[in-house]
Amino acid sequence: MKPISAYRFINEKTVPSLLLYGTEDRFQPYKEVRHLEKTLKDNNIDYKLFIASHSGPGVQNDDKVMKSYMEMVDEYLARYMPVER
């Protein structure tokens with residue numbers, strides 16, 4: 001069985017992406033996010049990576065990182081999915 005990892009599905013048609021990663025995540029090794037980041041770069045995909053260095057998958061210990069991430073979500077939505085008024 002092949003390992004499953006998000007970076008294996010990235011290509012030039014991949015949508016812009018925001019990544020939020022807790023370095024204390026025990027299920028998804030930190031090195032995997034580096035593969036994903038490299039693959040996004042290699043395919044010229046607009047992305048932003050946020051690292052929560054004190055959290056696991058819930059990003060429970062990095063309030064400032066979470067706040068910055070949510071602000072960027074708003075920016076990405078306005079840029080890539082604008083709402084007509």
So if you build clusters from Ile, Leu, Val, Met, Phe, Trp, Tyr with side-chain heavy-atom gaps below 4.5 Å, do [X] and [Y] land together?
| X | Y | answer |
| --- | --- | --- |
| Val15 | Phe50 | no |
| Leu18 | Leu49 | no |
| Met72 | Leu19 | no |
| Tyr47 | Leu20 | no |
| Tyr69 | Leu77 | yes |

Out of curiosity, [X] [atom1] to [Y] [atom2], how far, rounded to the nearest 0.5 Å?
| X | Y | atom1 | atom2 | result |
| --- | --- | --- | --- | --- |
| Met70 | Met66 | CE | CE | 7.0 Å |
| Gln60 | Glu24 | CD | CD | 9.0 Å |
| Leu36 | Ile10 | CG | CD1 | 5.5 Å |

- prompt: Are Arg8 and Thr39 side-chain neighbours, meaning at least one heavy-atom pair lies under 4.5 Å?
  reply: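 Arg8 vs Thr39: side chains apart.
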[X] versus [Y], closest heavy-atom pair with distance:
| X | Y | result |
| --- | --- | --- |
| Asp62 | His54 | OD2-N, 3.0 Å |
| Tyr76 | Pro16 | CE2-CB, 3.8 Å |
| Ala52 | Val59 | CB-CG1, 3.6 Å |

- request: Verify, without hydrogens or angle tests, whether Asn11 (side chain) and Lys13 (backbone) share a donor-acceptor contact under 3.5 angstrom.
  value: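 Checking the backbone N and O of Lys13 against the side chain of Asn11, a donor-acceptor pair under 3.5 Å is found.
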Salt bridge (charged side-chain N to carboxylate O under 4.0 Å, His left out) contacts in which one or both residues fall within residues 39-48, not counting sequence neighbours: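 Counting only pairs at least two positions apart or across chains, the salt bridge (charged side-chain N to carboxylate O under 4.0 Å, His left out) contacts touching residues 39-48 are Lys38-Asp42, Asp46-Arg79.
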